[in-house]
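Below is one structure, written out as structure tokens, with a few remarks after it.
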Amino acid sequence: METPQNPDSAAEPADPTDDAAEQVDTAQAPPSGIAATDWAEASADPRYRAAVVDLLGALAYGELAAFERLAEDAKLAPGLTDKAALARMATAEFQHFEQLTERLREIDEDPTDAMRPFAAPLDEFHRLTAPSDWLEGLVKAYVGDAIAADFYREVASRLDSDTRRLVLGVLDDTGHASFAVERVRSAIEAEPRVGGRLALWARRLMGEALSQAQRVVADRDALSTMLVGGVADGFDLAEIGRMFSRITEAHTKRMAALGLSA
């Protein structure tokens, strides 16, 4: 998922790729520290290696879960065109999963072992946020996936060049952002009362997604330490707070693009 800009626009959905491009540019600012190295050099530190294995495992399981969810959501689609669109997006998510698991094998890590710590929290998130209809499924994919992508982009800015390239690549929009914006806004225009229900649903998704991300950060020491600036610099709660503030701001933009209040 990608984050749209232009939150004040009420007539047209913002372009879901604009803000994403800005985020990638931020991640590609002149690197320093580990971000200025490649994998061969950075992975000499066992703590950094452990953090990357965690990251790739979390991403891989997330992509696998997204594939499964999109395949299920396709069953709720109101027509063949929408069903086929979701099937194509599911295929793209599975391709991302394959890229991540192949990379884990390349660095002599077992993909199943790397994903295992993240299966339960991600499954619990999806259990707590199971959509009741087609529109809720679209909002969940748009909002939930985008929050996760924002989180992983924050991490990507602190990765070695090889791993950063892979992570940013698998975070590419599969087409679901603009698809969801178009369908949800059309539904609200046809029946304005739908907007209130979907706004409440999106707020719930935001709360559950942030809680899940915070649990992942707290439970995985190597990943959390890398997130706040290095594998040996300690746990900076202030930086974690700033990161989640940025994610919340991006969520507000996405809600506006859907025609919903945050």
Side-chain angles (χ1 to χ4, degrees), residues 1-24 62 65-93 96 125-126 128-153 171-210 246-262:
M1 285 305 105
E2 305 296 342
T3 306
Q5 284 185 320
N6 225 352
D8 297 327
S9 173
E12 296 179 348
D15 183 351
T17 63
D18 288 348
D19 197 56
E22 180 179 320
Q23 292 179 13
V24 170
F67 162 74
E68 293 176 329
R69 189 188 68 245
L70 286 169
E72 285 296 312
D73 288 350
K75 298 176 183 177
L76 301 173
L80 289 176
T81 299
D82 289 340
K83 187 183 293 288
L86 286 188
R88 284 191 294 271
M89 295 171 202
T91 300
E93 299 287 8
H96 290 163
F125 169 74
H126 289 303
L128 293 172
T129 58
S132 62
D133 61 21
W134 164 247
L135 290 175
E136 286 190 2
L138 287 179
V139 172
K140 178 181 176 179
Y142 180 59
V143 171
D145 288 359
I147 292 170
D150 290 343
F151 173 76
Y152 290 124
R153 284 193 189 92
L171 293 177
D172 278 350
D173 183 20
T174 62
H176 210 144
S178 58
F179 179 84
V181 168
E182 178 185 346
R183 297 300 192 275
V184 171
R185 290 181 71 101
S186 294
I188 294 172
E189 289 171 6
E191 189 177 350
R193 290 181 302 173
V194 169
R197 173 172 67 87
L198 294 180
L200 289 173
W201 171 243
R203 291 184 198 120
R204 179 184 168 193
L205 290 169
M206 177 66 172
E208 293 288 353
L210 286 181
R246 292 190 292 269
I247 292 174
T248 301
E249 291 169 5
H251 169 72
T252 300
K253 293 182 181 182
R254 283 189 289 272
M255 292 287 282
L258 287 172
L260 303 174
S261 61

Between atom [atom1] of [X] and atom [atom2] of [Y], what is the distance when rounded to the nearest 0.5 Å?
X      : Y      : atom1 : atom2 : answer
Thr81  : Leu86  : OG1   : CG    : 11.0 Å
Leu205 : Ile147 : CG    : CD1   : 7.5 Å
Leu171 : Tyr152 : CG    : OH    : 9.0 Å
Arg183 : Asp82  : CZ    : CG    : 4.0 Å
Lys253 : Thr248 : NZ    : OG1   : 12.5 Å
Leu200 : Arg204 : CG    : CZ    : 11.0 Å

side-chain contact (heavy atoms from CB on, under 4.5 Å) filter on Ala85, not counting sequence neighbours, yields Arg88, Met89, Phe179
Tell me, please, which residues at least two apart from Thr91 pass side-chain contact (heavy atoms from CB on, under 4.5 Å). Gln95
Where is the tightest heavy-atom contact between [X] and [Y], given as atom of each residue plus distance?
X      : Y      : result
Ala257 : Tyr142 : CB-OH, 3.7 Å
His126 : Ala65  : NE2-CB, 3.9 Å
Ala202 : Val139 : CB-CG1, 4.0 Å
Ala90  : Ala71  : CB-N, 4.2 Å
Val184 : Leu198 : CG1-CD1, 4.0 Å

With Met206 as reference, evaluate Arg254, His251, Met255 under the side-chain contact (heavy atoms from CB on, under 4.5 Å) test and give the passing residue. His251
Pair listing, ring pair (Phe, Tyr, Trp, His ring centres under 6.0 Å) test, anchored in residues 67-91, at least two apart: Phe67-Phe94
Show every donor-acceptor pair shorter than 3.5 Å between a side-chain atom in residues 128-135 and any protein atom, with sequence neighbours excluded, or say none if there are none.
from, atom 1, to, atom 2, distance (Å)
Thr129, OG1, Phe125, O, 2.6
Thr129, OG1, Lys140, NZ, 3.1
Ser132, OG, Glu136, OE1, 3.0
Ser132, OG, Glu136, OE2, 3.3
Asp133, OD1, Leu135, N, 3.3
Asp133, OD1, Glu136, N, 2.9
Asp133, OD2, Arg197, NH1, 3.1
Asp133, OD2, Arg197, NH2, 3.1

Hey, mind stepping through Ile188 and Leu260 against side-chain contact (heavy atoms from CB on, under 4.5 Å) and telling me if it holds? CA-CA 9 Å; Ile188 294 172; Leu260 303 174; 3.5 Å; yes
Test side-chain hydrogen bond (donor to acceptor under 3.5 Å, both in side chains) applied to Glu72 - qualifying residues, sequence neighbours left out: Lys75
Please answer whether the main-chain N or O of Gly137 pairs with a side-chain N or O of Arg69 as donor and acceptor at a distance below 3.5 Å. no
State which residues pass salt bridge (Lys or Arg N to Asp or Glu O under 4.0 Å) with Glu68; sequence neighbours excluded, sorted by chain then number. none
